[in-house]
Amino acid sequence: IQQFTAYHSTLDDMDADLDRLDEEFNFRPDIIAIDYLDLAKCSDTTIKEDRKKIQANYHHAIRINKKRKTFTCSPSQVSKGAVNKEVIDMTDFAEDFGKAANAHASFAMCRTPEEVKAKVGRIVSVMQRQGQRHSDSNFVTVKIDEARGQVIEYNSFEDITDE
């Protein structure tokens with residue numbers, strides 16, 4: 001686990017560190033998790049608009065993925081109106097709707113207040129370039145044990161048991 005400073009470190013810094021890890025330890029990650037991409041400083045100092053910086057970072061992450069033959073995931077914020085919604089869509093992205101156009105896929109953990117109490121929820125395909133399109137009925141039903149950090153997939157909410 002590497003740590004980079006929000007609004008100070010760029011994806012160039014991360015890429016250079018991955019080069020170092022490869023050279024020194026022959027370490028090549030299968031997955032890169034960034035918490036979170038929207039807080040990375042943009043490497044392109046000519047870009048002044050915040051949403052353009054975020055878009056540039058998404059494209060930069062994709063270039064790193066291609067270079068390293070890996071996959072990157074990152075959480076991202078949703079708008080205030082998306083909180084506690086049963087199913088969100090691309091209009092619920094916070095900061096920049098264009099994130100949907102720049103990411104290859106986006107998934108959301110959606111839970112109503114009642115579902116949080118019941119420890120259940122749904123994983124929704126908000127958008128993806130390959131696979132099934134977003135729909136309010138296309139989701140994965142899950143039981144969530146927050147204390148253990150465990151998420152278990154079920155066929156439906158009716159199938160969820162108290163174990």
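Along the sequence shown, residues carry numbers from 1.
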Can you tell me how far [atom2] of [Y] sits from [atom1] of [X], rounded to the nearest 0.5 angstrom?
X: His60; Y: Asn65; atom1: NE2; atom2: CG; value: 10.5 Å
X: Thr112; Y: Lys117; atom1: OG1; atom2: NZ; value: 9.5 Å
X: His59; Y: Arg63; atom1: NE2; atom2: CZ; value: 8.5 Å
X: Asp50; Y: Gln55; atom1: CG; atom2: CD; value: 11.5 Å
X: Thr45; Y: Lys48; atom1: OG1; atom2: NZ; value: 6.0 Å
X: Arg122; Y: Phe157; atom1: CZ; atom2: CZ; value: 4.0 Å

Once salt bridge (Lys or Arg N to Asp or Glu O under 4.0 Å) is applied, do any residues pair with [X], and if so which ones, sequence neighbours excluded?
X: Glu114; value: none
X: Glu153; value: none
X: Glu146; value: Arg111
X: Arg28; value: Asp22

| Shared hydrophobic cluster for Ile64 and Ile62 (ILVMFWY, side-chain gaps under 4.5 Å) |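 Cluster IDs for Ile64 and Ile62 differ.
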Can you sort out the partners of [X] under side chain to side chain contact (heavy atoms under 4.5 Å, CB included), two or more places apart, ordered by chain and number?
X: Lys67; result: Asp15, Asp19
X: Asp13; result: Phe4, Ser9, Thr10
X: Gln150; result: Asp145, Arg148, Ile152
X: Ile47; result: Cys42, Asp44, Lys52, Lys53, Ala56

| Looking only at atom types and distance, does a side-chain atom of Asn57 sit under 3.5 Å from a main-chain N or O of Ala40, one as donor and one as acceptor? | yes
| task | Keeping the roles fixed (side chain from Thr5, backbone from His8), state whether a donor-acceptor pair exists under 3.5 Å. | result |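 Absent.
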Min side-chain heavy-atom separation [X]-[Y] under 4.5 Å:
X: Asp35; Y: Ser74; value: no
X: Tyr58; Y: Thr72; value: no
X: Ser76; Y: Leu37; value: no
X: Leu11; Y: Ile34; value: yes

| request: Return the set of residues passing side-chain hydrogen bond (donor to acceptor under 3.5 Å, both in side chains) with Ser125 (not counting sequence neighbours), or none when no residue passes. | output: Gln128
| Is Ile31 isolated, or which residues cluster with it under the ILVMFWY side-chain rule of less than 4.5 Å, directly or via members? |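 Its cluster partners, ordered by chain and number, are Phe71.
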| query | Phe107: which other cluster members, linking ILVMFWY side chains closer than 4.5 Å, directly or transitively? | reply | Met109, Ile123, Val140, Val142, Ile144, Val151
| Worked check of side-chain contact (heavy atoms from CB on, under 4.5 Å) between Val126 and Ile88 | CA-CA 7 Å; Val126 180; Ile88 70 169; 3.9 Å; yes
| request: State, without any angle test, whether Ser43 and Asp12 hold a side-chain donor-acceptor pair at a distance under 3.5 Å. | output: yes
Donor-acceptor pairs under 3.5 Å, side chain of residues 80-87 to any protein atom, not counting sequence neighbours: which ones?
residue	atom	partner	partner atom	Å
Lys85	NZ	Asp92	OD1	3.3
Lys85	NZ	Asp92	OD2	3.0

| task | Apply side-chain contact (heavy atoms from CB on, under 4.5 Å) to Leu21 and Asn26, showing your working. | result | CA-CA 7 Å; Leu21 291 169; Asn26 199 34; over 6 Å; no
